[in-house]
Number of protein chains: 2
Amino acid sequence: MAGVNAGGERKERARFRRQAPEDRRRQLGEAALRCILKHGNAGVSVRQIAAEAGVTQGLVTHHFGEISELVAYAFDIMSGSLLQALMDAVAAAAPTPHERLDAFIEASFSPVLFDRDVLGVWVVFWGLVLHSPRMSASQQGEYSDYVAAVERLLGDLAASEGFAIGDVRLAAIAFTALLDGLWLAWCLNPSSFRPEEGMQLCRNWVKGLRLGAHG
Amino acid sequence: MAGVNAGGERKERARFRRQAPEDRRRQLGEAALRCILKHGNAGVSVRQIAAEAGVTQGLVTHHFGEISELVAYAFDIMSGSLLQALMDAVAAAAPTPHERLDAFIEASFSPVLFDRDVLGVWVVFWGLVLHSPRMSASQQGEYSDYVAAVERLLGDLAASEGFAIGDVRLAAIAFTALLDGLWLAWCLNPSSFRPEEGMQLCRNWVKGLRLGAHG
DNA sequence: AGAGAAATTATAAGATCGTATAACAAGAGA
DNA sequence: TCTCTTGTTATACGATCTTATAATTTCTCT
């Protein structure tokens with residue numbers, strides 16, 4: 001009988017405070033991120049995430065239907081935060097295309113984004129995306145938005161400084177790949193280079209663009 | 001009672017052929033790779049890998065002690081194959097530094113390496129490396145070897161063509177990051193660019209190096 | 001042919017997993 | 001104060017997990 005333990009004694013249920021569904025979903029999503037941060041793929045577990053959020057596992061099913069929906073939601077939280085942070089940095093920069101692009105680079109290597117734990121969550125998510133149509137769809141949308149943002153930054157730079165880029169889309173893809181690759185490399189091997197060096201490598205790439213190194 | 005099923009009838013054990021321990025380890029390692037290829041993280045399971053190899057789960061414990069040792073072994077198989085394939089391609093190229101570097105680039109985008117399933121295994125492994133000191137140690141060694149190989153290719157090119165590179169190690173890190181980033185991007189979004197475009201982006205990077213885009 | 005080493009199977013224990021659902025409690029609104 | 005909606009807990013089922021180990025089989029060597 002609910003509320004009564006094996007010895008027949010009445011056991012009170014845990015007290016809780018009701019929350020708006022979206023607030024609770026957000027709480028569970030952030031708990032999921034923390035679990036992945038701590039345990040990698042082994043942290044993707046209804047019980048662990050519920051415990052991290054301070055609730056019971058039934059709440060996960062209630063709000064998300066199944067664990068993969070929660071993981072996809074957590075991925076969306078993370079993706080939205082990333083693009084928002086980068087756009088905020090660009091918007092806060094001096095309004096020349098050069099300064100805006102450089103603000104983008106600096107933000108990419110700032111401690112908020114260029115953090116071993118944060119990048120580790122990304123790496124685990126990339127592995128999960130491959131086997132989740134739901135997450136794959138989200139990722140494709142976010143990747144397109146990200147590359148489009150980079151295209152604008154590179155296009156503005158070229159127009160502002162009077163040089164041509166053969167294929168802006170491919171250049172944006174290359175720049176994005178370089179950044180992701182540096183994130184990955186540093187995450188796996190933090191001793192391989194310093195954030196300042198990472199920024200320099202990106203600036204070098206931009207210098208190459210100016211010098212005509214494009215298809 | 002061993003050998004007798006529930007109905008009391010004597011059930012013969014499965015027949016098997018003994019193999020040398022290293023042959024069996026190799027078989028299990030390759031089965032592990034196939035499971036990760038098919039199922040991602042969900043494929044990292046003693047039962048699934050044993051089934052894929054056509055043996056029973058006791059064999060995994062016998063040969064590897066625990067599942068994480070098998071996964072690390074599979075990772076080493078994969079890493080060894082990668083570097084070997086790239087070095088073979090470079091060795092088979094015409095002996096000029098330019099041709100050797102270009103052979104490296106072409107091999108990196110050849111169907112053997114630039115394959116959705118193969119790259120998918122890498123992405124999953126990257127996530128696993130972060131939470132496995134054993135795999136992390138392996139990865140660091142392999143990353144160092146890979147970057148050293150790239151350093152030699154870039155250094156030879158610069159010497160051969162009479163241009164200077166400010167910091168060859170950082171240039172090698174950047175080139176490696178660009179390649180890994182392109183592999184990752186294509187694996188997650190195969191429609192974002194074609195292999196030929198990927199090679200071109202790498203050649204563009206090299207062009208930039210020649211033009212002085214380095215720190 | 002037989003002994004013996006060791007490769008391998010079969011089985012089991014204890015743990016954790018995801019999902020489902022009945023029951024309860026919070027709290028808003030009348 | 002009471003009703004009712006709905007957020008949430010508690011519990012359970014069936015499945016899968018890893019590791020351990022006794023027993024069996026393969027196959028080499030004498």
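Sequence lines set the chain letters: A, B, ... in the order given, protein chains first and strands last, and positions in each chain run from 1.
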Within the sub-3.5 Å range, which N or O atoms of nucleotides 28-30 of chain D have a protein N or O partner, and how far apart are they?
none

Below 3.5 Å is the cut-off: list the nitrogen or oxygen pairs between protein and nucleotides 25-27 of chain D, distance only.
{"from": "D/dT26", "atom 1": "OP1", "to": "B/Arg15", "atom 2": "NE", "distance (Å)": "2.6"}
{"from": "D/dT26", "atom 1": "OP1", "to": "B/Arg15", "atom 2": "NH2", "distance (Å)": "3.2"}
{"from": "D/dT26", "atom 1": "O2", "to": "B/Arg18", "atom 2": "NH1", "distance (Å)": "2.2"}
{"from": "D/dC27", "atom 1": "OP1", "to": "B/Arg18", "atom 2": "N", "distance (Å)": "3.1"}

Which atoms of nucleotides 28-30 of chain C (N or O only) lie under 3.5 Å from a protein N or O atom, and what are those distances?
none

Set out, line by line, the N/O atom pairs under 3.5 Å between protein and nucleotides 12-14 of chain D.
{"from": "D/dA12", "atom 1": "N6", "to": "A/Gln57", "atom 2": "NE2", "distance (Å)": "2.9"}

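Here B/Thr61 lies in heavy-atom contact (under 4.0 Å) with a base. Among the protein residues, B/His63 comes within range of the sugar-phosphate backbone only, with heavy atoms under 4.0 Å from sugar or phosphate atoms but none that close to a base. Across all strands, B/Val60 comes closer than 4.0 Å to no nucleic acid atom at all (heavy-atom distances). Within the 4.0 angstrom heavy-atom criterion, base atoms lie near A/Thr56.
Between A/Trp122 and A/Phe75, the ring planes lie perpendicular to each other; the angle is over 60°, past the 30° to 60° tilted range.
A salt bridge links A/Glu69 and A/Arg134; the closest N-O separation between the charged side-chain nitrogens and carboxylate oxygens is under 4.0 Å. Ion pair A/Asp23/A/Arg17 not flagged as a salt bridge, since none of the NZ, NE, NH1 or NH2 atoms sits closer than 4.0 Å to an Asp/Glu carboxylate oxygen.
Counting only N and O atoms by type, the side chains of B/Asp167 and A/Gln200 include no donor and acceptor under 3.5 Å apart.
Side-chain contact between A/Val71 and A/Phe125: present, with at least one pair of heavy atoms (C-beta onward) separated by less than 4.5 Å.
When distances are taken from the side chain of B/Arg24 to each of D/dT9, C/dT8, C/dT19, the shortest belongs to C/dT8.
With sequence neighbours excluded, the residues satisfying ring-ring contact (aromatic ring centres under 6.0 Å, His included) with A/Phe109 are A/Phe114. Under the ring-ring contact (aromatic ring centres under 6.0 Å, His included) criterion, A/Tyr143 pairs with no residue, sequence neighbours left out. Evaluation of the side-chain hydrogen bond (donor to acceptor under 3.5 Å, both in side chains) rule for B/Gln19 yields no partner, not counting sequence neighbours. Scored by the side chain to side chain contact (heavy atoms under 4.5 Å, CB included) test, A/Arg152 finds A/Ala148, A/Ala149 as partners (sequence neighbours excluded). Judged as a ring-ring contact (aromatic ring centres under 6.0 Å, His included), and not counting sequence neighbours, A/Trp126 has no contacts.
A heavy atom lying under 4.0 Å from DNA chain D marks the following residues of residues 66-76 of chain B, by number: B/Glu66, B/Ile67. Interface residues of residues 26-44 of chain A facing DNA chain D, ordered by number: none; criterion, heavy-atom separation under 4.0 Å.
B/Arg169 places a side-chain N or O within donor-acceptor distance of the main-chain N or O of A/Ser192, the cut-off being under 3.5 Å.
A ring pair (Phe, Tyr, Trp, His ring centres under 6.0 Å) check over residues 42-74 of chain A, counting only residues at least two apart or in different chains, returns the pairs A/Phe64-A/Tyr73.
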